[in-house]
Amino acid sequence: MTKQRICIVGDGLSGLMTAVSLAKVPGIEVNLIAKKGTKNVDKRTTAISDINYKFINQNITSLGKKLFWPSKKIELFYESSKEKINFLNIKEDNFNLMYVFENDKVKSLLLKEISKNKIKIIRQDVKNLDELKNYELIILCLGGQSKIYNNITKIRSIKKDYKEIAITGYVKHNLKTLNTSQFFLKEGPLAILPFSQNHFSFVWSVKKSFFEINSKKMTTLVKNKIEEILKSKQDITISNIQSYPIFLSLRRQYYQKNILILGEGLHTIHPVAGQGFNLVLRDIKKLKEIIKYYVDLGISIKNSYALNDFYNSRKPENTIMSLGVDATHTFFKQNKYLDPFKEIIVKNIKNNETLKKVSKIISNRGLSF
Ligand SMILES: Cc1cc2nc3c(=O)[nH]c(=O)nc-3n(C[C@H](O)[C@H](O)[C@H](O)COP(=O)(O)OP(=O)(O)OC[C@H]3O[C@@H](n4cnc5c(N)ncnc54)[C@H](O)[C@@H]3O)c2cc1C
């Protein structure tokens, strides 16, 4: 029987993971189209949930345990006028709450898997989608900013420019214990994500104006801030500082004919809760199930309801989670009138066991129960 051919355009985390995952479906041939000569310069880390870690594990021959650093505890702090209040600690003894990986290393791992699975990589900067008309299904994983999407979706997306920049980087340290933590600081949220015994990464989302004023002295500023929140004067070394503009973009139309948008192009969200790639992984898992269903029945994907099924099953969660992250960001944003009330609210959260349970479940599984 001839195989149904799917092409995936874009070699970011979404494109690579989609290629590896769909190539496992019998009856499918996957081609990956990636720009010529792009360098792997993504020096960020990504936190994923336990269930999403298991999904990656199922799709990769050998995961290399050291690439995924587990965490059983997450601490949240709120900076009030006087102190940094530790308002929520989420702890789990029986499984890991999250795993943190270095993006460039996991991209290399996925590329190795692509080569093992003999997935053809075509080096091409796609400009016109007509070039791809011989495929049963075209999946665009072109990131959040590509203009190509405008040829597909006619309905306006939900968009918001936060006018903020996420400053990211690595920190080498000698601390004995360090938990995954998020500090809601006056300047903006700062996440600490350990990814090896002596390294953690940070994501600090600040106003664009604050970033521009301080851009030349960013390393010193970050170093002082991290020493202040860790209450430690021991020597830490900062490296790989990068910056990313922050947007919310939620597509209301996911596909046209046999062309589907996936990854950041479908939903770009604020990094405050580390949910962006977690949503993408749940999208890929569902898409794989749906494609397998139609291919097993011997139905051509092009002429099936596959993309409509995908849209119906993923849109509710993608919308609720993305707007939920936006609401979390708005709540913690500095506001001189509301800040005194926030202090009272966060102090009351501390002992709320139901909230702890719900946060654990949602960050692990999303809204798919
Ligand atoms: C600061 C920050 C921190 C984050 N932290 C987390 C986290 O902790 N947890 C989490 O779950 N998520 C996190 N995210 C989200 C996560 O980084 C993304 O969801 C993830 O990287 C997936 O991106 P992508 O592959 O969809 O897009 P991109 O990484 O933008 O990849 C798009 C690819 O498409 C290629 N491309 C573009 N146009 C063309 C073309 N015409 N032809 C061929 N190729 C093309 C590009 O070269 C690129 O390789 C974070 C995001 C930010 C900004």
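Being a predicted model, the structure only gives us computed values, none of them experimental. Every number for a ligand or one of its atoms is a count from 1 in the order of the listing.
Residue-ligand proximity, Asp125 to ligand 1, at heavy-atom distances under 4.0 Å covers atoms 40 (C), 41 (N), 42 (N). Interface atoms of ligand 1 facing Gly10, defined by a heavy-atom separation under 4.0 Å, are 34 (O), 35 (C), 44 (N). Atoms of ligand 1 found under 4.0 Å from any heavy atom of Gln124 (numbered from 1 in listed order, with element): 42 (N), 43 (C). Below 4.0 Å from some heavy atom of Thr168 lie the following atoms of ligand 1, by number and element: 1 (C). Atoms of ligand 1 lying under 4.0 Å from at least one heavy atom of Gly263, given by number and element, are 26 (O).
With a 4.0 Å heavy-atom cut-off, ligand 1 is reached by no atom of Ser146. In Val9, the part holding a heavy atom less than 4.0 Å from any atom of ligand 1 is the side chain. With a 4.0 Å heavy-atom cut-off, ligand 1 is reached by no atom of Lys127.
Minimum interatomic distance between Ala19 and Leu32 (heavy atoms only, all atoms of both residues): CB-CD1, 4.4 Å. The heavy-atom pair separating His267 from Ser322 by the smallest distance is CB-OG, 4.1 Å.
Using a 4.0 Å cut-off between charged side-chain N and carboxylate O, Asp104 and Lys43 make a salt bridge. Residues Lys342 and Asp339 are paired through a salt bridge, judged by an N-O separation under 4.0 Å between the basic side chain and the carboxylate.
Note on ligand 1: Ile148 sits in its first shell, one or more heavy atoms being nearer than 4.0 Å.
Between Val203 and ligand 1, no N or O atom pair is found at a separation short of 3.5 Å. Where the criterion is an N or O separation shorter than 3.5 Å, residue side chain and backbone included, Ala47 meets it with respect to ligand 1. Geometrically, ligand 1 and Ile33 share no nitrogen or oxygen pair separated by less than 3.5 Å. Considering backbone and side-chain atoms together, Leu13 places an N or O closer than 3.5 Å to an N or O of ligand 1. At under 3.5 Å, not a single nitrogen or oxygen of Asn103, backbone or side chain, sits near a nitrogen or oxygen of ligand 1. The shortest N or O to N or O distance between Asp11 and ligand 1 is under 3.5 Å. Any N or O atom pair closer than 3.5 Å counts here, and Ala166 shares no such pair with ligand 1. Distances between N or O atoms of Asp42 and those of ligand 1 include no value under 3.5 Å.
With atom 30 (O) of ligand 1 as the reference point, the heavy atom nearest to it among Cys141, Gly143, Gly276 is part of Gly143. Comparing Ser14, Gly15, Pro271, Ser49 against atom 3 (C) of ligand 1, the shortest heavy-atom distance belongs to Pro271.
For Phe87 and Phe332, the ring centers sit closer than 6.0 Å to each other. Taking the six-membered ring where the residue is Trp, the centroids of Phe195 and Tyr170 are separated by under 6.0 Å. Ring to ring, Tyr78 and Phe184 are not that close: their centroids are 6.0 angstrom or more apart.
Using a 30° and 60° split on the angle between ring planes, Tyr99 and Tyr53 fall in the parallel class, below 30°.
For Tyr311, the ring-ring contact (aromatic ring centres under 6.0 Å, His included) criterion is met by Tyr254, not counting sequence neighbours. Thr219 is linked by a side-chain contact (heavy atoms from CB on, under 4.5 Å) to Ile238, Ile241, counting only residues two or more places apart in sequence or in another chain.
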Do Lys223 and Asp235 pass the salt bridge (charged side-chain N to carboxylate O under 4.0 Å, His left out) test, and can you show the C-alpha distance, the side-chain angles, and the key distance before you say yes or no? CA-CA 10 Å; Lys223 191 169 189 283; Asp235 221 11; 3.8 Å; yes
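Atom-to-atom distance recorded for Lys288:NZ and Lys24:NZ is 7.0 Å, nearest 0.5 angstrom.
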